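The shown structure was predicted, so the numbers you read here are calculated from the model rather than taken from an experiment.
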Amino acid sequence: MHASLPKRTRGFTLVELLVVLAILGLLAGLVGPQVMKFLGSSKSKTARLQVENLSATLDMYRLEVGRYPTNAEGLKALVENPGDLPNWNGPYLKKGDVPKDPWGFDYQYQFPGEHGSFDLWTLGADNREGGEGENADIRGWE
């Protein structure tokens, strides 16, 4: 005959689960801000590279057309002939569209520039002049 003994199931106690959750919370609190900081700096680096790439493309445009795009033509002149220019051999951008900055805003373009032949910049994550960190302006002349 079998004596019925209660089976004891092994598992985690409530205290053990709370300790694990507390450790996970501490790790997320320490690692999370570092990951966000890294993502913000990578967007700024991407914007700087795009400004350099667009600047080189504008120089190629000038070599072929004989001038930089006017303010009215803007960066759109790199993908669409702004007025049946005979030496325009575009589109000069591979995807056939002017890219947005990493935060989804248009790049700013001014011709003639105050800091060079033209000025090209982005206003950062807040899309406003000035700012620090991810909100800082990224300028092609710096």
Side-chain angles (χ1 to χ4, degrees), residues 2 4-142:
H2 288 143
S4 63
L5 296 173
K7 285 192 172 184
R8 188 169 186 191
T9 57
R10 305 263 310 148
F12 295 107
T13 65
L14 181 59
V15 172
E16 290 170 328
L17 288 174
L18 289 175
V19 168
V20 169
L21 288 174
I23 291 171
L24 288 174
L26 286 172
L27 285 174
L30 294 173
V31 175
Q34 295 301 321
V35 170
M36 296 308 288
K37 180 179 171 184
F38 176 75
L39 288 175
S41 70
S42 68
K43 284 186 176 185
S44 296
K45 288 176 185 174
T46 299
R48 191 166 310 284
L49 288 172
Q50 283 182 329
V51 165
E52 290 174 11
N53 187 27
L54 286 170
S55 295
T57 305
L58 285 163
D59 288 336
M60 185 170 46
Y61 177 95
R62 185 187 60 81
L63 286 173
E64 291 189 356
V65 174
R67 63 172 177 78
Y68 289 108
T70 64
N71 284 334
E73 295 166 346
L75 296 176
K76 198 75 169 163
L78 298 174
V79 293
E80 293 176 6
N81 192 333
D84 298 324
L85 298 172
N87 294 335
W88 190 86
N89 293 317
Y92 294 91
L93 298 172
K94 286 184 180 180
K95 293 185 179 178
D97 197 18
V98 179
K100 302 272 189 196
D101 71 12
W103 301 280
F105 302 111
D106 291 328
Y107 282 98
Q108 308 294 312
Y109 172 76
Q110 179 180 336
F111 175 78
E114 295 176 17
H115 306 279
S117 299
F118 62 87
D119 291 346
L120 184 64
W121 72 99
T122 179
L123 299 173
D126 63 355
N127 201 34
R128 287 189 286 198
E129 293 281 334
E132 293 182 16
E134 198 174 339
N135 293 332
D137 300 348
I138 297 173
R139 302 176 185 108
W141 59 88
E142 292 179 346

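- A pairwise comparison of heavy atoms in Pro102 and Lys43 identifies CG-O, 3.3 Å as the closest pair.
- Leu75 is not listed as a side-chain neighbour of Leu93, based on a closest heavy-atom distance of 4.5 Å or more.
- For the pair Ile138 and Trp103, the tightest heavy-atom approach, listed with the atom from each and the gap, is CD1-CH2, 4.1 Å.
- Looking only at side-chain heavy atoms (C-beta outward), Val65 and Pro86 stay at 4.5 Å or farther from each other.
- Scanning for side-chain contact (heavy atoms from CB on, under 4.5 Å) contacts around Val20 gives Leu24, with sequence neighbours left out.
- In this structure, Phe105 and Leu123 have side chains that are not in contact, with every pair of non-hydrogen atoms separated by 4.5 Å or more.
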**Message:** side chain to side chain contact (heavy atoms under 4.5 Å, CB included), that's the test. Do Val51 and Trp121 meet it? Break it down for me.
**Reply:** CA-CA 7 Å; Val51 165; Trp121 72 99; 5.9 Å; no
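- With sequence neighbours left out, Phe111 forms a ring pair (Phe, Tyr, Trp, His ring centres under 6.0 Å) with Tyr68.
- Here Asn81 pairs with Leu85, Trp88 under the side-chain contact (heavy atoms from CB on, under 4.5 Å) rule; sequence neighbours left out.
- With values rounded to the nearest 0.5 angstrom, Leu120 atom CG is found 12.0 Å from His115 atom NE2.
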**Message:** Run the side chain to side chain contact (heavy atoms under 4.5 Å, CB included) test on Tyr107 and Leu54 for me, step by step, so that the C-alpha distance in whole Å, both residues' side-chain angles and the decisive distance to 0.1 Å come before the verdict.
**Reply:** CA-CA 10 Å; Tyr107 282 98; Leu54 286 170; 3.8 Å; yes
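- Within the structure, no pair that satisfies the salt bridge (charged side-chain N to carboxylate O under 4.0 Å, His left out) test touches residues 15-25, not counting sequence neighbours.
- Leu58 has its side chain within reach of Phe118: a pair of non-hydrogen atoms, C-beta onward, lies under 4.5 Å apart.
- Listed for the Tyr109 side chain is a donor-acceptor partner under 3.5 Å among the backbone atoms of Pro69.
- Inter-residue side-chain proximity for Trp141 and Ser55 is flagged as unmet; no heavy-atom pair is nearer than 4.5 Å.
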**Asked** Going through the checks in order, is the salt bridge (charged side-chain N to carboxylate O under 4.0 Å, His left out) test met by Lys95 and Asp97?
**Response** CA-CA 5 Å; Lys95 293 185 179 178; Asp97 197 18; over 6 Å; no
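- The salt bridge (charged side-chain N to carboxylate O under 4.0 Å, His left out) analysis of residues 46-67, with sequence neighbours excluded, yields the pairs Arg67-Glu73.
- Between Arg128 and Asp137, the closest heavy-atom pair is O-OD1, 3.2 Å.
- Across all non-hydrogen atoms, the minimal contact from Gly96 to Val79 is C-CG1, 3.5 Å.
- Every side-chain contact (heavy atoms from CB on, under 4.5 Å) that Asn135 has, sequence neighbours left out, goes to Ala125, Asp126.
- By the side chain to side chain donor-acceptor pair (under 3.5 Å) test, Gln108 pairs with no residue at all, sequence neighbours left out.
- In this structure, CG in Asn53 is found 8.5 Å from CG in Leu49, a value given to the nearest 0.5 Å.
- A heavy-atom distance below 4.5 Å is not found between the side chains of Leu78 and Pro91.
- Under the salt bridge (charged side-chain N to carboxylate O under 4.0 Å, His left out) criterion, the residue pairs touching residues 102-122 are Lys100-Asp106, with sequence neighbours excluded.
- Scanning for salt bridge (charged side-chain N to carboxylate O under 4.0 Å, His left out) contacts around Asp101 gives an empty result, with sequence neighbours left out.
- Judged as a side-chain contact (heavy atoms from CB on, under 4.5 Å), and not counting sequence neighbours, the contacts of Leu14 are Leu18.
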